[in-house]
Amino acid sequence: MGRVYNFSAGPAVLPEEVLKEAAAEMLDYKGTGMSVMEMSHRSPEFQQIIDEAEQDLRDLMKIPDNYKVLFLQGGASQQFAMIPMNLMKNRVADYIVTGQWAKKAYQEAQKYGKVNKIASSEDKTFSYIPDCSDLPVSPDADYVYICENNTIYGTKFKQLPNTKGKTLVADVSSCFLSEPVDVSKYGIIYGGVQKNIGPAGMVIVIIREDLITEDVLPGTPTMLTYKTHADAGSLYNTPNSYCIYICGKVFKWLKAMGGLEEMKRRNEEKAKILYDFLDQSSLFKGTVEPASRSLMNVPFVTGDKDLDAKFVKEAKAAGLVNLKGHRTVGGMRASIYNAMPKEGVEALVAFMKKFEEENA
Ligand SMILES: *Cc1c(COP(=O)(O)O)cnc(C)c1O
């Protein structure tokens, strides 16, 4: 079987060019006689890989000099604890709960202090982003937390919340590098790379330098202190070296494509193809309020569970895979990340049209 169109939410599709390059370098990385997986993380070859990866990411996101870039393990989920352990000087934080991942972060933070849910969209199954222009931000909050793109529900913040001067912390796992961002508006931007960047097993944390201190909660492990990793250039211990290597290749791929402005244009174009179809379909319908729609994750349903299951099965047979919705939502979800070509979305819509006719 050849390559399929993989609509998985994560681990997810990677650029074919990157996979081919990695394959070509597998046995002998640039004359070293070994693969990157077999290489010391203290070698000059690897130092160059990690330095270039960081620089390319800085170029893509225009990351200001007073921010550090950390390549860490433990996934996005580990940040749910690491953030409060490092940032909760007053032991107070405000959370905006717009989905399962924000909720998990909110629940984890409760282990470390007083955590306020200052807005939520749970009343309508997280199908929208609440108005965050004038929220009751706590005067002593150490930070305000959001999940910027809700992978499971398919919503995205189109405007950042008004944090009333408090530090903004954002989980961008599923919209990382999908469009330009103004890094200076955030204290921390972080995300697991397995959604829109690279292989599973790593999280990238972009953190403003003043938030990196030794003044962390008592008992915070060395490995969960940002300062440990910032001081060591993400090489305090053995990092996920192969993942850093592949992410570095993806950064170069993004630069060659024209950077994040161009990715935004492409992502808007791709998402429009799918949303336009959903908006006029007699069988399928999107589950998200149009104003909150994600460019990356597009959930939709037929309204009939058996028909949904039939669709997922037949789509798979047609080479359109991983379209089953998250277990908590049901229906379908198409994740159309940076590496999903427009042709993949067009093939999906053509298949949906055909399915609609056959099942009218
Ligand atoms: C997938 C995901 C996570 C969890 O990532 P792990 O790396 O598995 O811990 C957290 N937040 C968001 C928005 C996600 O999409």
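For the numbers below, each heavy atom of this structure counts, side chains included, while hydrogens, waters and symmetry mates do not. Each ligand, and each atom within it, is numbered from 1 in the order the structure gives.
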Pair Y67 + Y186: ring centers closer than 6.0 Å: no
Identity and separation of the nearest protein heavy atom to atom 9 (O) of ligand 1: S77 OG, 2.6 Å
Short side-chain donor-acceptor distance under 3.5 Å, S35 and E25: no
Nearest-neighbour protein heavy atom for atom 11 (N) of ligand 1, which is reported as residue plus atom name and distance: D171 OD2, 2.6 Å
Any C147 heavy atom less than 4.0 Å to ligand 1: yes
Closest approach of any protein heavy atom to atom 5 (O) of ligand 1, naming residue and atom: A76 CB, 3.4 Å
Top protein contact for atom 14 (C) of ligand 1, by heavy-atom distance: K195 NZ, 2.8 Å
Atoms of ligand 1 close to T151 [distance to a heavy atom under 4.0 angstrom, numbered from 1]: 12 (C), 13 (C), 14 (C), 15 (O)
Which segment of Q194 sits under 4.0 Å of ligand 1 when only heavy atoms are counted: side chain
Check: F176 ring centre within less than 6.0 Å of Y190 ring centre: no
Close-contact set for ligand 1 against G75 heavy atoms, below 4.0 Å: 7 (O), 9 (O)
Enclosure of K89 NZ (heavy-atom neighbours >12, cutoff 6.0 Å): yes
Electrostatic pair D94-K166, nearest N-O below 4.0 angstrom: no
Pair E209 + K68: basic N to acidic O under 4.0 Å: yes
